[in-house]
Amino acid sequence: MDLGHVLHLLIPSWNSVAILALFFAYLSIAGSILPGKVVPGATLPDGSRLYYRCNGLLSLLLLVGLLGFGAKMDFVSLTAISDRGFELLSTTFLFSVLVTLVLYAAGCKSSNRGSSLKPHVTGNLLHDWWFGIQLNPQFMGIDLKFFFVRAGMMGWLFINLSVLARSIQDGTLSQSMILFQLFCALYILDYFFHEEYMTSTWDIIAERLGFMLVFGDLVWIPFTFSIQGWWLLSNKVELGTAAVVANCLTFLIGYMVFRGANKQKHVFKKNPKAPIWGRPARVIGGKLLASGYWGIARHCNYLGDLLLALSFSLPCGISSPVPYFYPIYLLILLVWRERRDEARCAEKYKEIWAEYRKLVPWRILPYVY
């Protein structure tokens with residue numbers, strides 16, 4: 001593809017606007033009316049708590065069913081997304097810019113002093129727009145931060161499924177494509193099955209909603225995490241039995257560490273006396289969990305995330321670095337985030353954090369880092 005052709009493909013169209021608008025409209029309606037477990041969020045500094053309706057899995061499965069029925073009745077095309085990948089990318093990017101400008105303007109005008117909506121303005125326009133100025137802005141009763149995370153994860157799956165439909169239609173379906181699709185689908189379904197765990201993550205609890213999070217959720221996650229699928233549409237990869245087994249083991253180990261660590265942290269926050277691996281939890285200073293995975297490395301959940309990212313790319317073989325963009329990027333991001341986490345925790349927990357560091361010296365990968 002020459003640059004001029006790519007730039008032409010990036011021009012938004014009314015079709016891409018309609019696809020995005022219908023997707024957001026569906027998520028807004030389904031998220032509000034479908035049944036789901038209502039989960040309390042973390043207690044905010046002013047003592048208030050937000051509540052989240054965790055019906056993402058039901059919303060996802062219902063939408064898959066509706067699209068499948070629509071395709072069977074020739075109402076929709078399963079390759080609509082893969083046919084318009086570039087223009088959907090640019091449309092979503094422009095939407096992210098516009099919505100964060102609106103969030104910035106609305107936040108500056110807010111007089112609410114509660115923890116969720118109190119504006120944190122530094123006076124630096126670029127900084128405030130990038131990082132956001134409100135913790136949990138809402139629109140028509142919808143918590144936008146939680147909404148955008150859900151939209152990004154679902155968008156990732158639907159891009160993958162559309163790429164899969166294109167592969168089947170073109171007659172290029174391969175073992176590598178099947179493995180990639182299977183691992184991503186299992187990961188995304190698992191995410192929505194455990195959606196309540198998202199309510200105790202740093203992004204939801206502490207990060208304000210600005211361009212960094214909105215762009216990350218709506219553009220970066222769905223459009224870069226699916227690069228492997230796009231690459232496999234144009235490149236044939238033959239995997240040996242050993243490579244397939246190694247790929248599956250990487251996914252399973254990554255999933256075990258990622259899900260296990262996040263579950264332990266979530267359960268600990270809800271009930272500090274809950275046993276970890278069948279034993280009473282070891283707690284430093286009454287606040288920091290030092291049992292289970294959290295007694296092995298201080299950010300062991302990042303190790304699981306990295307192994308999962310690697311498992312999504314391994315089906316593409318090793319002939320090109322392009323399919324490895326996601327795990328390489330994630331490694332850089334998580335090391336940077338781990339450094340930020342360490343600084344925050346050192347400031348917040350002081351001597352307790354120093355004691356935890358002595359007990360658990362490894363940051364992410366035991367005996368290496």
Side-chain angles (χ1 to χ4, degrees), residues 23 26-27 30 36 54-72 76-82 85 88 149-170 172-198 217-218 220-233 237 239 243-260 262-263 304-317 323-327 330:
F23 179 54
Y26 169 81
L27 289 184
C54 295
N55 56 9
L57 182 61
L58 182 58
S59 299
L60 174 62
L61 295 177
L62 177 60
L63 183 54
V64 169
L66 290 172
L67 290 175
F69 176 78
K72 187 174 182 180
V76 297
S77 169
L78 295 181
T79 62
I81 297 175
S82 57
L88 276 170
V149 174
R150 178 179 287 183
M153 293 298 292
M154 286 194 190
W156 178 17
L157 179 63
F158 285 111
I159 289 175
N160 282 350
L161 292 178
S162 188
V163 167
L164 176 62
R166 168 59 63 190
S167 178
I168 294 172
Q169 191 175 99
D170 293 347
T172 61
L173 183 63
S174 64
Q175 183 184 57
S176 293
M177 178 66 83
I178 293 172
L179 281 177
F180 165 72
Q181 294 284 347
L182 178 63
F183 293 154
C184 287
L186 288 173
Y187 176 80
I188 296 168
L189 288 172
D190 174 80
Y191 170 88
F192 283 109
F193 185 80
H194 297 99
E195 190 177 29
E196 67 177 278
Y197 294 174
M198 185 64 192
D217 291 337
L218 298 183
W220 196 258
I221 287 177
F223 289 98
T224 63
F225 292 11
S226 57
I227 285 176
Q228 301 94 320
W230 295 101
W231 190 86
L232 285 170
L233 278 178
V237 179
L239 296 177
V244 172
V245 172
N247 199 170
C248 292
L249 285 175
T250 302
F251 175 81
L252 290 173
I253 294 172
Y255 173 77
M256 179 179 68
V257 175
F258 174 77
R259 178 51 60 212
N262 283 321
K263 183 176 182 180
D305 220 353
L306 288 167
L307 288 173
L308 286 169
L310 182 61
S311 75
F312 301 155
S313 298
L314 286 174
C316 300
Y324 288 85
F325 174 83
Y326 172 33
L330 192 64

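Treat the numbers as computed from the prediction; the structure is a model and nothing was measured.
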Trainee: So Leu233 and Met177, side chain to side chain contact (heavy atoms under 4.5 Å, CB included) or not? Walk me through it.
Mentor: CA-CA 8 Å; Leu233 278 178; Met177 178 66 83; 4.2 Å; yes
Trainee: When you measure from the side chain of Ser313 to the backbone of Pro323, do you find a donor-acceptor pair of N or O atoms at a distance under 3.5 Å?
Mentor: yes
Trainee: Enter the distance from Asn55:CG to Leu60:CG here, rounded to the nearest 0.5 Å.
Mentor: 11.0 Å
Trainee: A side-chain contact here means heavy atoms from C-beta on lying under 4.5 Å apart; do Asn247 and Ser311 qualify?
Mentor: yes
Trainee: Grab the two heavy atoms, one from Pro222 and one from Ser226, that are nearest each other, plus how far apart they are.
Mentor: O-OG, 2.7 Å
Trainee: For the pair Leu66 and Val76, evaluate side chain to side chain contact (heavy atoms under 4.5 Å, CB included) and give the outcome as yes or no after the intermediate values.
Mentor: CA-CA 10 Å; Leu66 290 172; Val76 297; over 6 Å; no
Trainee: Would you please name every residue forming a side chain to side chain donor-acceptor pair (under 3.5 Å) with Asn262, sequence neighbours left out?
Mentor: none
Trainee: The test is side chain to side chain contact (heavy atoms under 4.5 Å, CB included); show your working for Trp231 and Val237 and say whether it passes.
Mentor: CA-CA 10 Å; Trp231 190 86; Val237 179; 3.6 Å; yes
Trainee: How long is the gap from CE on Met198 to CZ on Arg150, to the nearest 0.5 Å?
Mentor: 11.0 Å
Trainee: Side-chain contact, heavy-atom cut-off 4.5 Å: Phe225 with Trp220?
Mentor: yes
Trainee: Drop me the distance from Leu179's CG to Leu232's CG, to the nearest 0.5 angstrom.
Mentor: 10.0 Å
Trainee: Write down the atom of Pro315, the atom of Ser176, and the distance for their closest heavy-atom approach.
Mentor: O-OG, 2.7 Å
Trainee: For the backbone of Ser59 and the side chain of Tyr26, can you confirm whether one donor and one acceptor N or O come within less than 3.5 Å of each other?
Mentor: yes
Trainee: Checking ring pair (Phe, Tyr, Trp, His ring centres under 6.0 Å) between Tyr187 and each of Phe192, Trp156, Phe251, which is the one that passes?
Mentor: Trp156
Trainee: Are Phe180 and Trp230 an aromatic pair, judged by ring center distance below 6.0 Å?
Mentor: no
Trainee: Using only atom types and a distance under 3.5 Å, with no angle test, would you say the side chain of Ser162 pairs donor to acceptor with the backbone of Leu78?
Mentor: yes
Trainee: Could you give me the CA-CA distance, side-chain angles and deciding distance for Leu310 and Tyr324, then say whether side chain to side chain contact (heavy atoms under 4.5 Å, CB included) is met?
Mentor: CA-CA 7 Å; Leu310 182 61; Tyr324 288 85; 4.0 Å; yes
Trainee: Kindly give the heavy-atom pair with the smallest separation between Ala309 and Tyr326, and that separation in Å.
Mentor: CB-CE2, 3.6 Å
Trainee: For the side-chain contact (heavy atoms from CB on, under 4.5 Å) test, which of Asp190, Leu186, Leu307, Thr250 pairs with Tyr255?
Mentor: Asp190
Trainee: Output the distance between atom CG (Leu27) and atom CG (Leu63), rounded to the nearest 0.5 Å.
Mentor: 7.0 Å
Trainee: Once you round to the nearest 0.5 Å, how far does CE of Met154 lie from CD1 of Ile221?
Mentor: 13.0 Å
Trainee: Would you name the heavy atoms of Gln181 and Leu161 that are closest together and state the gap between them?
Mentor: OE1-N, 4.1 Å
Trainee: Hey, do the aromatic rings of Phe312 and Phe183 have their centres closer than 6.0 Å?
Mentor: no
Trainee: Which value, rounded to the nearest 0.5 Å, describes the distance between Leu182 atom CG and Cys248 atom SG?
Mentor: 8.0 Å
